[in-house]
4 protein chains.
Amino acid sequence: MAQSDTVTRILDTAEVLFAERGFAETSLRTITSKAKVNLAAVNYHFGSKKALIQAVFARYLDPFTQRFHTALDELEAHHAGKVIPLDELLETMAATVLAVPAERNSLQVFMRLLGLAYSQAQGHLRRYIQRDYGDVFTRFTELVRQATPELPDAERFWRLHFMLGTVIFTLSGLEALRDIAEQDYHEQVSVKDLVRRLRPVVVAAMNAPLPDQMQNEGLHKDFHAHSETQ
Amino acid sequence: MAQSDTVTRILDTAEVLFAERGFAETSLRTITSKAKVNLAAVNYHFGSKKALIQAVFARYLDPFTQRFHTALDELEAHHAGKVIPLDELLETMAATVLAVPAERNSLQVFMRLLGLAYSQAQGHLRRYIQRDYGDVFTRFTELVRQATPELPDAERFWRLHFMLGTVIFTLSGLEALRDIAEQDYHEQVSVKDLVRRLRPVVVAAMNAPLPDQMQNEGLHKDFHAHSETQ
Amino acid sequence: MAQSDTVTRILDTAEVLFAERGFAETSLRTITSKAKVNLAAVNYHFGSKKALIQAVFARYLDPFTQRFHTALDELEAHHAGKVIPLDELLETMAATVLAVPAERNSLQVFMRLLGLAYSQAQGHLRRYIQRDYGDVFTRFTELVRQATPELPDAERFWRLHFMLGTVIFTLSGLEALRDIAEQDYHEQVSVKDLVRRLRPVVVAAMNAPLPDQMQNEGLHKDFHAHSETQ
Amino acid sequence: MAQSDTVTRILDTAEVLFAERGFAETSLRTITSKAKVNLAAVNYHFGSKKALIQAVFARYLDPFTQRFHTALDELEAHHAGKVIPLDELLETMAATVLAVPAERNSLQVFMRLLGLAYSQAQGHLRRYIQRDYGDVFTRFTELVRQATPELPDAERFWRLHFMLGTVIFTLSGLEALRDIAEQDYHEQVSVKDLVRRLRPVVVAAMNAPLPDQMQNEGLHKDFHAHSETQ
DNA sequence: GATGAATGAGCTTTCATTCAT
DNA sequence: CATGAATGAAAGCTCATTCAT
């Protein structure tokens, strides 16, 4: 068996299993036996389980960042120094996200990885992503800034993360939600359907009116009546 | 040591550790040694690790569902059979969510737990929550339906989950995001600030225009140009 | 709940479970939960699991030894100093064995317990039985000795145990064997049937000719041809 | 350390310990520490404790069935279609049983396993033996049938099991009985001695006169006087 | 007299990793 | 280059027993 074969099969199998069960719940034994490679092959080729996780991630993020940079280059060239409209930015990102995954399930893997990267407080994954792939996000954020000049910086930061949450949560939990939706509405949803549904929502969210200034807490009593300071 | 003491200490410790690391990554040994109780105490009081996880959820969800039912009762009484506006529904929910956690950090813990419950595809947790706590969500969803009569049912379902993703992602990753925001915008964000920011976004998202009908995939080529069927 | 009630229920439950699964495979938890008594009740009433096991035995062996002594008294009185024939001794024993158990199945339970007591080599049970109930067996053995004067002592010892094996094995595995017999021969067997079948076999076995003296191993080659020294 | 070494040492050690204490009373920790192999080695090589037990068994039964088939082949060839006398069948079986074990104690293991296989009502072991090794016993039983044409089928079935009980009980409890015999009769008994003693007993038992027909229960009152219906 | 709570020891099994070949 | 064997650590869980009330 050629090396590339072994490595690829490990990655393919790991990707699917990670998406199905999570990282801790997926053992190397399960991966290697399903991939029909030797148990020691993961450690041999990747060094450790953690490195395998990052390799699974890299196989996604490397082409993504490359394509995304290229797509943003084209977009900037096309608009020739003028501001790029928000919806075009979002559509470009969506198109790139959808363009990358070659196999079934892997978009979900990607989203789940992103979700974990954010939610795990200790976060070796977050640092790893920030370090290796932070540039393209910074570039994208800057373009969004130019497209929404009226938004205060902090507000934009939060709204981008609100939307990141929407997308990651929806796509990483896709399987579960799809089950429920199918059961309740007899509707077969594809990722494309979801992205179509997401577009107007994300645009509307980004363009929502600014919140009231919080001049005095007392004025918002019905909303925050029982909340404690956290 | 009184029973309630041991049980409470296990729950308190487990809650924090689960939220920090996830369920699989948190061993009973870690929980019990940190809680300074005997290792066998978890199995004695809860029966299994799985049952402990559900007990951690129950401690949040039981008072939540109770309060939420009460709050919805009051809201319905106040509106006397007429349709309750969407923003009042959302504010009621937000107020209830904020009212439940009694200790510091626990809103974040709760949200992180909810996020985990959704993202674990095999989902004994999801089934458990659906079974034991589904009623109040069904009731809430029905009220939202009356408040948004123009939305198709499926669309409403997805938008509610989009917003659920926004809220869960933001609040569960609060610590990490707070760090970044503070670093970049020198802004101290509280949960209240976030909720204030969330309100117009959520309302706008729910009221966003309907997506274009997907009559023909070819028509949306700039959006889906490179995507494969998933 | 009266004490006797608790004690009796523990004994009743333990007896059945021990017979079904063996001693080590039956936990106090299983016993107490099935008997619907407190987990600590066994230790409270009996002191330890080992003591419970012995109590289960005592409940059978105490009345057995008492009745057996009485029956042997009567037999000796009836024969007035003369030798008691072997078949009368055996029938007396059989009758006593059958007379003891009061409930359904409990003869089988008793036999299974006896079998366990013998087969467990470390044998605190064997010592316990020997110590507390050895007398009546010694008395019986002596009477058998008088009834079979031609048998060397060692030979008699072994043949008695051979027959003990026959009886214990057959009666303790009664359920399984009954299934097979019923399936193959469409025959409903009762304990009485078995005892009827056992009688001529046991008598013939006890009266079998003495084995050849083992003067030289080479003379018995067809029998021991391939055996090693053990 | 070569694989065969580790596997063999585990089997050798397990065999002895199982025979000494039983299965449930023998922990993998005890086995592996005594065999001086890693605790995980049992699960690595055998998969589970249950599989180890069956492997211990198989190491005995595989050569036994093979040899026994061969020996019966030879016996049939020698008698050229004519009926094989009972004592030759029994001696052939005894010789095969004794020929197999390579190490000390393993005959006892074998017998104890057989005893357990029969006495455990739920019986995963009995099913396993029946499935994998039933053929040779069926063949043997048929030859015994031809050798004892005068015996009713049911009677033969029961007598074979009576004798099976004798053999299993005696040999599986050998250690205990040996202790007693040594103490009482100052006699060193070997397995060979026992087999020599067993031969005439078994033959006599198989050839014992048929029991009285049970025409009327009342006629056997002295035998069953005190017995209840079971 | 009886029990719910608690405990320390030990169980089988699985883990990621390493090693010798 | 690759792998079967092996390993130390740790996992979840069950055990008989004890203790405070």
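Below, chain A is the first sequence line, B the second, and so on; all start at residue 1. We use all heavy atoms of the structure for the numbers below, so side chains are in, but hydrogens, waters and symmetry mates are not. Quick caveat, the model's predicted, so the values are computed rather than measured.
A heavy-atom distance below 4.5 Å is found between the side chains of A:L52 and A:L28. In this structure, C:T13 and C:T30 have side chains that are not in contact, with every pair of non-hydrogen atoms separated by 4.5 Å or more.
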**Asked** Do A:Y60 and A:E15 pass the side chain to side chain donor-acceptor pair (under 3.5 Å) test, and can you show the C-alpha distance, the side-chain angles, and the key distance before you say yes or no?
**Response** CA-CA 10 Å; A:Y60 217 101; A:E15 182 171 282; over 6 Å; no
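Per the geometry, CZ belonging to A:F46 stands 16 Å off C1' belonging to E:dT17, to the nearest Å. For D:L28 and E:dT14, the CG to C1' distance is 13 Å, given to the nearest whole Å. Across the protein-nucleic acid pair, B:K36 atom NZ and E:dA5 atom P stand 23 Å apart, rounded to whole Å. At whole-Å resolution of the value, CD in D:E25 and C1' in F:dC15 are 14 Å apart.
The 5' end of DNA chain E is approached more closely, in terms of each residue's nearest nucleotide, by C:N38 than by the other of C:N38 and D:S27. If D:A40 and C:T30 are placed on DNA chain F by their nearest nucleotide, the residue sitting closer to the 5' end is D:A40. Heavy-atom distances to DNA chain E give each of D:S48 and A:T26 a nearest nucleotide, and the one nearer the 5′ end belongs to D:S48.
Side-chain N/O atoms of D:T6 include one lying less than 4.0 angstrom from OP1 or OP2 on F:dA6.
Evaluation of atom-type donor-acceptor distances gives no pair under 3.5 Å for the side chain of D:R29 against the base of E:dG10.
The heavy-atom pair separating B:A51 from B:F46 by the smallest distance is CB-O, 3.1 Å.
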